[in-house]
Amino acid sequence: MAAQAKIPTPPPQKQRRYGMVIDLDRCTGCGACMTACAVENNVPSGPPEADERKGINLMRVFTVRERNSRRTAFIPILCMQCGDRTPCETVCPQQAVEVDPLTGIVEQMPQRCLGCRYCMAACPYQARTFNWWDPAWPAGMETTLNPGVAPRMRGVVEKCDLCHSRLHAAEDRAAAEGRRDLNPGEYVPACVEACPTQAIVFGDLADKASEVSRLAAQPESFRWLERLGTGPKVYYRTRRRWVRDLARQGGAAPNQEVTRG
Amino acid sequence: MSATRRDLLLMTAAGAGVGMVFTPVPWKLLDDVSIWTQNWSWLPKHPRGEITITHTVCPLCPAGCGMKVRRVNEAPFAVSSTPGGALCARGFAGHQLPFHQSRLRTALHRGKAAPLAEALEDAAAAVERARRSGAVVAVLDQRPGRMVSVLYRQFLAGFPRAQYVTLPAPEEGTLRAVAELTGRPPRSLGYDFERSRTIFSVGAPLLDHWGAPGRLLRLWGAPERKIRFWHAASGNSRTAALSDRWMAIRPDSEHALVRGLISILIREHGAGAGLALPASLSAFPPEEAAARTGVPLAQIQELARELATARPAVAVGGGDPVAGPLPAATEQALSVLNALLGALGTPGGIVERRPVPQPTLPPGLPAETTLARAPARSIDVLIVDSASSGCAWPLELIQDKLAPDAVTIHLSAFRTAWTAQATWTLPVPAPFEAWEEIPETPGSRLASWSLAKPLFPMPEGAISPEAVLHRFGLPEDQTLDALLQAKAAAIEKAGRGVVRPLAEPDESSPVGEGLWDQLTEGAVWVDDPEPAPRPLRAAIPDLPDLPQVASTAQFPLLATPAGSRGGAGSMPSPPLASKLTRESHLEPAAGEVRVHPRTAESLGLKHRGRAVLATPKGETAVVVRTDPGMADGFVEVAIEGDRGAETLALFPVSRDGAWRWSPAQLRRA
Amino acid sequence: MFPGVSGFEWSVAHVIFLGAFFTVLVVILASLTAAAIRYLRAWRERRAAAIRWHAEFEELPPAERLCRHALTGTAPGRLCERGFDCRTCAEHPAFAAREAQGLVAVPNGIDHSPDRFYHRGHAWVEPQADGTVLVGMDELAERLAGPAATVELPPPGAVLDTHSIAWQVQREGAVARVLAPIAGRVEETGSREQGWLLRIRPEGKLDLRHLLHGPEVAAWFQSELERLQGLLAPAAVGPTLADGGLLVDDLPTAQPEADWDHIYSAMFLRP
Amino acid sequence: MADMAVSRFPEPAVLDKGWIPRGVSRCSTAQFLGWLSPWVALLLLGLYAGWMCLRDGLYHTNMDHRFVFGLWIFLDLAIIALGAGAFFSGFLFYILRWHEMGAVIRSAVVLGFLCYSGAVVVLMVDVGQPLRAWFTFWHPNTHSMLAEVTFCITCYLIVLSIEYLPLVLKNRKLSQIPSFLVFEFQLHKVMPVLAGVGTFLSFFHQGSLGGLFGVMYGRPFAYREGFGIWPATFFLFILSAIAAGPAFLMLTTWLTEKISGHRLVRGSVYRLMARTSGVLLTAYVFFKCVDTVIWLNSTSQQAGFRPWEFYAWAPFGSWVLFLEIVVLGLLPALILLRASEEGPRRWLLCGAALACAGIVVNRLVFTIQTLALPTLPFDEFRTYLPNWVEVATFLGVVAYAVIVYSLSFRYLTLFPQEKELARATARGPQQEEIHVSGR
């Protein structure tokens with residue numbers, strides 16, 4: 001956000017729809033994306049009481065087991081950047097959520113957030129987290145904070161914004177070089193960069209020639225809870241039938257073959 | 001009338017209220033409230049300044065992955081992998097480690113803070129006493145092969161009785177057994193996975209922080225990959241999930257499985273033709289392997305067929321960074337299996353690693369022994385080096401080797417379960433605060449060498465291990481810097497290998513003048529591969545049978561320690577590793593056990609319920625997590641964080657230094 | 001919220017939403033302002049006493065609000081709607097005319113004078129030749145107060161409204177406020193011993209139509225006695241009505257257990 | 001508060017007699033303070049718990065990323081629905097001119113004020129940044145049901161405070177101050193306007209509270225189709241609230257009667273409220289059934305969820321639906337309708353209690369069950385139990401309500417019929433009977 005003020009030339013004008021395709025067959029569940037994300041976005045390590053219920057993971061890798069065959073899939077879940085009817089945007093009482101019309105990124109403004117958590121209830125992906133604690137770092141560790149991202153205060157909701165500060169930095173660089181538009185690959189979120197198996201392909205879905213558009217259009221690609229009509233911009237792909245079958249269902253039922261480990 | 005006066009006052013007040021709206025006061029107040037609520041003074045201000053980029057290697061574990069570090073005002077704020085690299089989840093947050101809450105700022109005497117000068121003097125006096133009395137002085141080195149290891153050995157050479165003890169990396173387990181079988185020195189072999197077609201891991205977490213993580217993940221994730229991964233283990237680990245085939249064997253039945261495979265290979269596939277094979281090898285009934293592992297015989301036969309046909313095939317044991325090494329007998333069986341697969345000294349198998357050119361060292365340096373092989377109660381003074389292998393070790397392993405009234409001196413940057421037991425703990429620089437040397441990665445087939453740069457200045461009150469050794473009597477002219485320079489010179493002289501800049505690994509250059517400068521700027525020296533591996537000859541020994549761990553009436557379940565490399569070693573995890581463990585349960589979190597839902601149900605336990613885990617060695621309070629990926633009757637006990645050492649102490653250590661299994665009991669708290 | 005504030009847009013939804021909100025705010029504020037203006041106006045017009053009486057009259061239970069013609073049986077069960085001010089009542093003249101013919105006073109042991117006009121709050125008015133009126137407490141009020149009570153009178157010169165509080169009668173633990181039967185300026189204060197309490201110069205032309213007079217007074221006293229008995233009934237262990245229906249002189253002393261605060265409020269028309 | 005009219009023994013002193021309305025009897029001051037003291041203790045505990053959350057953050061609660069709404073929101077919704085008696089009786093009394101409602105309208109206003117102010121206090125603890133609450137007014141998102149709720153509740157709370165003010169000013173002591181009395185009188189004159197505004201506001205936010213859940217198309221369990229911008233829950237919440245309002249009023253009036261030991265309103269008022277509640281509840285149950293059928297067979301299936309899938313998780317089985325619609329919906333509706341014609345008082349109260357419980361269960365389903373159910377196919381079902389901080393904070397608000405209501409009952413005239421009924425009782429039971437059956 002700080003970078004916004006520095007842009008000397010007008011920002012790129014091309015209409016973009018940033019999205020990603022996550023290849024579940026390449027995800028090893030190592031969690032590098034999670035820590036890289038936390039480092040990039042100045043997410044503190046929670047106090048000892050912070051567990052999966054209250055700790056902040058803007059991106060979280062789920063371990064999904066198929067009950068009888070003991071097959072496992074690792075499914076990274078982050079903000080799906082819903083583009084059609086963004087459930088969190090419409091419910092926020094004070095416009096702290098905005099879909100950037102230029103990039104399609106769903107932005108959360110922590111400075112305006114009241115902390116009512118209605119958006120979290122409305123999000124079908126549970127991709128939003130609440131700051132239950134004051135953010136705290138051990139003495140000295142604040143020197144290791146990312147200067148491009150402001151730490152969030154207690155009592156506000158936060159979520160993945162596709163490393164917005166990286167987008168700004170890339171736009172600044174492009175502007176300094178006199179370009180209006182970004183080159184593909186010039187801006188990638190931290191998780192995409194961190195993945196040791198390059199399972200995440202990131203790019204502009206509006207650009208039909210991009211790798212991400214090509215992959216998203218393939219029959220092996222799908223989105224979670226597509227039938228809710230929220231138009232997520234995060235796609236998944238897998239050759240494994242049982243994982244694809246999961247996506248056809250809505251919620252899970254206890255008698256189903258799948259459960260989270 | 002008083003009432004009208006009151007009215008007048010009321011009118012005045014109301015008028016003032018309305019009038020106030022037209023002054024800047026309320027709006028300024030509104031503004032200030034808004035700014036104040038949005039920016040709290042106690043939130044850390046993120047630093048500003050010029051952003052620079054440094055390339056170096058990660059010093060957290062022996063893998064030494066390449067790192068691209070973004071820094072502001074010299075302070076690192078984010079890291080990422082170098083091209084082609086694969087930093088692990090902990091590596092991404094490693095630069096925050098120097099600020100870990102358990103960071104030591106003073107020396108410790110028996111776990112209590114003590115001034116460094118005093119502790120150093122007392123410790124030096126104890127070492128001096130040992131030198132004069134001829135007591136046994138030992139150094140425990142978790143990362144052998146570094147020049148500082150040489151320095152330790154030079155230091156030990158000044159004592160009448162000394163031991164240089166190492167804790168070998170788990171990747172080296174099978175390699176060491178093969179080295180013994182073929183008469184090679186330790187740490188002289190590596191796996192040639194790049195040319196393998198079948199990789200069979202026996203309990204080795206190949207796809208999870210094994211060796212240099214990027215190496216195997218690259219092979220696993222290669223498009224149109226030809227290599228098939230087979231994995232035999234009881235636990236539903238990430239490797240089990242990612243392997244092409246996972247054989248969920250019964251606990252502690254690795255030995256039986258390997259024996260069964262050997263037997264089938266000899267009987268059905270004619271393996272070992274041309275080798276002198278003891279008859280007992282083929283006498284092991286495959287049916288027993290099936291019975292003991294709980295895996296259908298057909299599946300074992302299928303594996304044997306694939307190993308025999310889809311060659312090069314290699315079997316990898318070695319154990320786990322947390323669950324510990326496999327029993328020595330199993331490693332021996334694995335080395336025989338590799339011999340039968342023709343994997344010894346052949347492409348795609350276990351090959352010799354060319355030794356790194358070394359400077360000429362003075363004679364009389366003490367030889368290396370593994371901690372498991374050190375005589376019991378033999379060490380009077382133990383100095384423990386700070387560098388961690390990222391693996392968990394039971395404290396019992398050390399304690400057994402200490403003489404009564406032994407003195408232990410830990411060099412550590414953090415307060416850990418180990419330092420709590422130490423006589424003295426001397427605060428040394430944390431990772432990223434001093435130069436760290438990364439020799440070849442365990443398990444690799446190529447020698448390599450790199451130096452991790454300090455990203456922070458060494459804090460006041462810390463003392464380098466080298467300075468400690470000098471204070472303890474190492475002659476001042478023997479310095480680490482001289483040794484490192486000498487090694488660089490030796491490599492330059494040998495003229496072998498290439499130098500890969502970390503920023504652009506593809507632009508490697510042959511070794512020439514200026515290797516030292518290149519390394520300190522951020523590069524890796526990698527040895528040239530041998531043109532053709534030399535076959536390794538082995539005499540096949542008879543294999544002893546190994547009893548399998550069994551549950552008892554009192555302890556009806558079988559428990560195994562579980563965790564990730566770096567989760568509970570002799571050094572804490574980076575603070576943000578909590579995202580992986582207790583904040584997401586992607587990895588086991590401290591104080592947790594995982595069981596199959598059926599097991600939980602039969603014990604009256606609930607998901608997230610509290611329970612007590614008991615083994616013959618004690619008990620601890622745990623939280624239960626159910627996981628349908630687990631085998632019934634089997635408990636995975638998380639070894640993580642501060643509690644890791646305490647929990648690991650529940651597992652009995654066998655004579656050959658293994659602690660993989662324990663009968664256990666789980667009851668509702 | 002306003003044009004120019006971040007988040008404001010000229011969309012239909014926004015305009016309708018905020019329009020509704022501001023309308024509601026305006027209605028609330030307008031109502032409050034209206035109340036405040038009316039309050040100030042009433043205050044300026046010195047209608048406080050009238051308003052007090054009006055409000056308190058509304059609060060009176062139906063039994064205390066019976067029309068005077070209901071007491072006489074002319075209009076059974078009729079409730080007064082005008083705060084006992086028959087001067088503004090349209091029906092009163094008709095009822096009064098009917099009663100004028102054949103109402104017979106029934107003696108009930110309470111003395112009352114045919115010269116006096118009685119207020120429902122137990123004060124009487126006796127017009128004097130000089131155009132002033134004497135005002136005092138009736139016999140029932142005297143007995144309710146008892147000889148031990150002290151009376152607090154307004155100073156001469158004070159202006160009283162009809163149904164405003166004229167004087168207070170104080171006994172231990174209980175206060176009775178007696179309502180002024182007519183409006184006017186206090187000229188002189190008397191005492192219980194003198195038999196009158198205030199000499200008042202009425203405001204404007206003397207109009208006593210709202211006060212009880214003649215045979216209906218007896219009927220009213222009868223109903224008041226019954227009411228008093230009802231109020232005393234829970235504690236009716238001591239003597240109330242002396243032999244043959246004669247009231248004792250000092251009721252509070254005779255009935256110490258009774259809730260005199262309550263009885264005063266009921267008998268002197270104070271909710 | 002408990003006291004009996006007469007005692008042969010010397011009665012304990014009522015030291016605050018000058019403040020108590022004339023014509024009614026109240027217990028002794030000591031007894032009253034004794035009654036208040038446990039509630040004050042509870043209030044202090046609640047204040048402490050709430051302060052902990054405000055000072056340190058909401059980690060003191062047992063809420064988490066999944067259960068972002070916990071006990072607080074659930075009970076807020078419940079008490080706001082029950083507090084609907086305030087606006088609805090105001091509507092009946094001032095707009096439809098049902099004069100009989102005058103017997104409970106003041107109590108309804110106080111209850112409404114307590115329910116709403118209590119809910120707002122809890123909300124202020126519940127949001128992460130209460131100091132920014134005004135941002136909702138400053139940057140309102142008009143598409144958000146929550147913005148609508150915030151606006152309406154704030155305005156309605158103002159209206160309720162204005163409605164409460166005259167009751168306070170009419171206190172025996174305060175009304176002696178002439179200006180108070182006059183102001184009260186003039187305020188009373190504009191009350192029908194405010195009652196009208198209150199009805200409008202209340203009507204909308206009761207609906208918006210339902211809409212809050214009905215619009216969450218990301219949560220197929222809660223999502224409902226509807227008319228225009230309003231989902232079906234918008235209307236169902238209004239209907240259920242106005243059905244429950246009179247029932248709650250009956251219960252509180254009865255409780256006050258039991259605790260104080262006084263008759264407060266005539267039996268006919270109970271019957272009137274019971275009939276009103278019964279008719280509305282019947283309508284509610286009908287529309288709820290229609291809604292449920294449409295939702296199960298169409299709405300949720302379009303979102304990719306199988307029918308009855310939501311009810312496959314213990315403990316929220318399909319019995320919840322049965323409980324909500326039949327046991328706590330249809331049954332009390334029938335009881336109320338039948339008993340309002342004839343039958344003993346206890347059946348009326350039983351029906352009212354069931355009706356209130358039904359509304360509470362409905363709000364529980366929409367808050368807690370909605371959040372407990374997973375949406376992602378591999379996510380898990382979660383359960384949640386409030387911890388002591390949440391319970392204490394809420395009990396603090398209950399204590400606040402009890403204390404203010406007790407004070408109001410003691411010092412203000414909440415039930416205009418009380419005095420009369422007290423006299424009637426004093427006069428004899430026969431006369432009272434005439435009143436009771438005289439509807």
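The basis for the numbers below is simple: all heavy atoms, side chains too, and nothing from hydrogens, waters or symmetry mates. Here is how names work: the chains are called A, B, and so on, in the same order as the sequence lines, proteins then strands, and each is numbered from 1. Nothing here was measured: the structure is a model prediction, and the numbers come from that model.
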> Does the separation of the ring centres of D:Phe378 and A:Trp224 fall below 6.0 angstrom?
Replying inline: yes
> Just wondering, are more than 12 heavy atoms of other shown residues or ligands nearer than 6.0 Å to CH2 in D:Trp388?
Replying inline: yes
> Are the side chain of D:Glu324 and the backbone N or O of D:Leu321 linked by a donor-acceptor pair below 3.5 Å?
Replying inline: no
> What residue, out of D:Ala133, D:Pro130, D:Gly218, has the most heavy-atom pairs lying under 4.5 Å from chain A?
Replying inline: D:Gly218
>> Test side-chain contact (heavy atoms from CB on, under 4.5 Å) on D:Thr299 and D:Ile294; report intermediate values, then the result.
In response: CA-CA 7 Å; D:Thr299 317; D:Ile294 294 175; 4.1 Å; yes
> What closest approach, in Å, do A:Tyr236 and A:Val234 show between heavy atoms, and which atom pair accounts for it?
Replying inline: CE1-CG1, 3.7 Å
>> At a heavy-atom distance under 4.5 Å, which candidate from D:Val149, D:Leu131, D:Leu146 has the highest pair count against chain A?
In response: D:Leu146
> Which residues in residues 90-98 of chain A have any heavy atom lying under 4.5 Å from a heavy atom of chain D?
Replying inline: A:Thr90, A:Val91, A:Cys92, A:Pro93, A:Gln94, A:Gln95
>> As an exercise: rank A:Leu114, A:Thr129, A:Thr230 by heavy-atom pairs under 4.5 Å with chain D and give me the winner.
In response: A:Leu114
>> Looking at A:Arg239, I'd like to know if its CZ atom is crowded, meaning that more than 12 non-hydrogen atoms belonging to other residues, nucleotides or ligands lie closer than 6.0 Å.
In response: no
> Parallel, tilted or perpendicular: which describes the rings of D:Trp308 and D:Tyr311, with under 30° parallel and over 60° perpendicular?
Replying inline: tilted
> Between the main-chain N or O of A:Arg117 and the side-chain N or O of A:Arg128, is there a donor-acceptor pair closer than 3.5 Å?
Replying inline: no
> Does any heavy atom of chain A fall under 4.5 Å from the side chain of D:Thr61, the backbone, both, or neither of them?
Replying inline: both
> What option among D:Met145, D:His139, D:Met216, D:His143 has the most heavy-atom pairs under 4.5 Å with chain A?
Replying inline: D:His139
> Between D:Tyr156 and D:His205, is there a donor-acceptor pair closer than 3.5 Å when you use the side chain of the first and the backbone of the second?
Replying inline: no
>> I'd like to know which of D:Asp126, D:Leu212, D:Thr142 tops the heavy-atom pair count under 4.5 Å against chain A.
In response: D:Leu212
> Where does D:Glu148 contact chain A at under 4.5 Å (heavy atoms): side chain, backbone, both or neither?
Replying inline: neither
> For D:Phe213, is the NZ or CZ atom of D:Arg224 found under 6.0 angstrom from the centre of its six-membered ring and inside 45 degrees of the ring axis?
Replying inline: no
> Looking at A:Ala73, A:Gly229, A:Cys82, A:Pro87, which has the largest count of heavy-atom pairs under 4.5 Å with chain D?
Replying inline: A:Pro87
>> I'd like to know whether A:Arg60 forms a side-chain hydrogen bond (donor to acceptor under 3.5 Å, both in side chains) with A:Gln126, so could you lay out the CA-CA distance, the side-chain angles of the two residues, the decisive distance to 0.1 Å, and finally the verdict.
In response: CA-CA 10 Å; A:Arg60 177 167 171 198; A:Gln126 264 118 57; over 6 Å; no
>> Between D:Leu371 and chain A, with a heavy-atom cut-off of 4.5 Å, which part of the residue counts as in contact: side chain, backbone, both or neither?
In response: side chain
> Is chain A contacted by the side chain of D:Phe381, its backbone, both, or neither, given a heavy-atom distance below 4.5 Å?
Replying inline: neither
> Would a distance-only check, ignoring hydrogens and angles, find a side-chain to backbone donor-acceptor pair under 3.5 Å from D:Arg219 to D:Thr375?
Replying inline: no
> Relative to chain D, which of A:Ala50, A:Cys88, A:Gly55 shows the most heavy atom pairs under 4.5 Å?
Replying inline: A:Gly55
>> Is A:Cys123 close to chain D through its backbone or its side chain, or both, or neither, when contacts mean heavy atoms under 4.5 Å?
In response: backbone
> Is chain D contacted by the side chain of A:Glu226, its backbone, both, or neither, given a heavy-atom distance below 4.5 Å?
Replying inline: neither
> Can you name the one residue among D:Leu71, D:Ile73, D:Asn362 that meets side chain to side chain contact (heavy atoms under 4.5 Å, CB included) with D:Thr367?
Replying inline: D:Ile73
> Between A:Asp134, A:Ile75, A:Asp51, which residue shows the highest count of heavy-atom pairs closer than 4.5 Å to chain D?
Replying inline: A:Ile75
